[in-house]
Amino acid sequence: MSSFTGVSVADGNNQSICETSAVDASGDSGYHLFMVKAYSRIKDLLSMGECVASGSFTIGGHDWLIEYYPNGDNPHCAGFISLFLTLLDTDVDVDGDVEKAVEAKFSFSLIDQVEKQMPMYVRGTSETRSFSGSAPTWGNGRFVRTDALERSADLRSDCFTIRCDVVVCNTKDDDAGGNEALPSGIQQDFSSLLQNKVGSDVTFQVGDETFAAHRCVLAARSTVFMAQLFGPMKEGTASSSVIHIKDMEAKVFKALLSFVYTDSFPEMYEEIMEENAMSEAAEEQGQEVEEVEDETGLQWLLDLLVAADRYDLQRLKFICEKQLSQRIGVSLVASVLALAEQHHCHGLKAACLKFIQAQSPSRLQTVMATDGWDHVYTTYPSLVNEFIAKLIASTQK
């Protein structure tokens, strides 16, 4: 069970000083809360590359801290909040030449209420990272866009809270024969089961790629897979049968399977960004680069949301909704709005309408000139009427 290790509060009204109330916690897994008060003032006080650090907290017998960069930690992360986890007690062996690395997994999430501590937007890693003297810090330079946070419900009264979860996979006393229980490895076990294909009894053909999986795992996680594999929709009984998936890209189905087996959001957004690395010409275009990157990731999230709805994976659908709400841009907001209406995503729909409503007249014209807006206008006229009503109401305030 994950242990609570305390709260750090960065207060912009107090010169961004961070005060920490640490809690003594045992175990190899734990979480720390980082509260940002007077967010706007902290953002104005600190330049790109400047951060507020939490006080230290202990997990797995090691001391850690969180670094919060309100304007990004480097120019490539401009317009984003950057978050990093740092190991404080790095050391070397008795000979002084070989570092003792600490293997750990971590994630950052926004939570809607400190009391409930319900993760609403998660960015982290399912891979184990090696923290050492030469690499004491790991994190996410593009945790969330600042403009997306500022128009979201996560920022309340100019405050928001970050939760950092850490699981230490090795401790200083690994060979001491202690009695403390090891952290659960079920997520990694199921991920390995998917990767090594041992015992797989069903194959999916998606485009030019095939995916081997396990009927019982799929059926346990999805009512649609249950019906498709064991119920009225059953497609063949032979273990060698191949099920063809149409109207879906292989990378989207791969992400869907990853979630089915691990119950965690697939780390494919970053992979897509790497696959679409910026060319030298694009690097010189500054802000335009950000828009191209966001469109690529946004389309992948849209496709994954549709897939999640298709297979009745409500938790994955919710996570996609939340991440899409944080990444809405002018070029695709109309398409996102249409999809939200089609798949009954009420929170995403509200976020889209709020985003469009907040645009300047010139940017609003840009939105209305997109193909997505034409689709909304012809297919969902009630949405247009709803938007006009909200626009009129806002001008009368």
Side-chain angles (χ1 to χ4, degrees), residues 10 12 16 18 34-36 38-54 66-86 106-111 119-125 129 137-155 158-164 265-278 282-301 319-333 336 351 354-355 358 363:
S16 301
C18 191
F34 188 97
M35 183 179 296
V36 178
Y39 155 79
S40 301
R41 181 163 173 74
I42 293 179
K43 182 183 175 185
D44 291 339
L45 286 172
L46 299 183
S47 303
M48 181 189 300
E50 295 182 331
C51 74
V52 180
S54 72
I66 300 166
E67 295 177 356
Y68 162 65
Y69 293 79
N71 293 296
D73 74 314
N74 63 67
H76 187 56
C77 299
F80 287 81
I81 286 173
S82 299
L83 290 172
F84 294 93
L85 176 67
T86 296
F106 66 92
S107 66
F108 293 108
S109 58
L110 290 177
I111 58 176
M120 299 297 291
Y121 176 82
V122 181
R123 298 292 297 279
T125 176
R129 303 300 188 192
T137 300
W138 292 89
N140 196 301
R142 295 183 165 199
F143 174 68
V144 63
R145 292 189 67 97
T146 53
D147 57 352
L149 173 66
E150 288 163 8
R151 65 174 179 263
S152 74
D154 295 306
L155 185 65
D158 209 31
C159 302
F160 70 96
T161 303
I162 298 161
R163 170 171 166 160
C164 178
F265 192 75
E267 290 183 50
M268 292 194 179
Y269 181 77
E270 284 74 15
E271 291 178 13
I272 290 171
M273 294 303 97
E274 291 175 5
E275 291 173 3
N276 294 275
M278 296 176 295
E283 287 178 352
E284 297 174 358
Q285 296 175 9
Q287 187 60 35
E288 186 176 341
V289 171
E290 301 291 348
E291 296 233 353
V292 171
E293 286 195 326
D294 285 345
E295 269 193 38
T296 306
L298 202 67
Q299 187 58 58
W300 178 78
L301 284 169
I319 295 174
C320 289
E321 273 194 73
K322 191 64 180 179
Q323 294 216 15
L324 282 165
S325 297
Q326 303 282 7
R327 286 180 164 81
I328 298 171
V330 170
S331 59
L332 286 179
V333 63
V336 177
K354 184 177 179 180
F355 175 85
R363 287 173 69 85

### Atom of T146, atom of F80 and distance for their closest heavy-atom approach
CG2-C, 3.9 Å
### Task
Name all residues meeting the side chain to side chain donor-acceptor pair (under 3.5 Å) criterion together with S40; count only those two or more places apart in sequence or in a different chain, and write none if there are none.
D158
### Task
Supply the atom-to-atom distance Q323 CD to I328 CD1, rounded to the nearest 0.5 angstrom.
12.5 Å
### Task
Using side chain to side chain contact (heavy atoms under 4.5 Å, CB included) as the criterion, list what pairs up with S152, not counting sequence neighbours.
L149, D154, Q326
### Query
Are any side-chain N or O atoms of S82 and backbone N or O atoms of D73, one a donor and one an acceptor, separated by less than 3.5 Å?
yes
### Query
After noting the C-alpha distance and the side-chain angles of I162 and L83, does the key distance pass the side-chain contact (heavy atoms from CB on, under 4.5 Å) rule?
CA-CA 10 Å; I162 298 161; L83 290 172; 3.6 Å; yes
### Task
Decide yes or no on side-chain contact (heavy atoms from CB on, under 4.5 Å) for C164 and F108, but give the supporting numbers first.
CA-CA 5 Å; C164 178; F108 293 108; 3.6 Å; yes
### Summary
Sequence neighbours excluded, the answer for salt bridge (charged side-chain N to carboxylate O under 4.0 Å, His left out) partners of E150 is K43
### Message
Using side-chain contact (heavy atoms from CB on, under 4.5 Å), reason through S54 and Y68 one step at a time and then give a plain yes or no.
### Response
CA-CA 8 Å; S54 72; Y68 162 65; over 6 Å; no
### Task
For the residue pair L110 and F143, establish whether any side-chain heavy-atom pair is separated by less than 4.5 Å.
yes
## Note on the structure
For Y39, the ring pair (Phe, Tyr, Trp, His ring centres under 6.0 Å) test, sequence neighbours excluded, returns F160
### Query
Which residues satisfy the side chain to side chain donor-acceptor pair (under 3.5 Å) test with T137, sequence neighbours excluded?
T86
### Query
Which heavy-atom pair separates E50 from P70 by the least distance, and what is that distance?
O-CD, 3.7 Å
### Task
List for me each residue that meets side chain to side chain contact (heavy atoms under 4.5 Å, CB included) alongside D147, sequence neighbours excluded, and say none if there are none.
R145, R151
### Task
Please identify each residue that fulfils side chain to side chain donor-acceptor pair (under 3.5 Å) with Y69, with sequence neighbours left out.
E67
### Task
Applying side chain to side chain contact (heavy atoms under 4.5 Å, CB included) between I42 and each of D44, L46, L45, report the one that passes.
L46
### Message
Check whether T161 reaches the backbone of I111 with its side chain - one donor and one acceptor, N or O, closer than 3.5 Å.
### Response
no
### Task
Could you grab the distance from atom OG of S107 to atom CG of L85, nearest 0.5 Å is fine?
10.0 Å
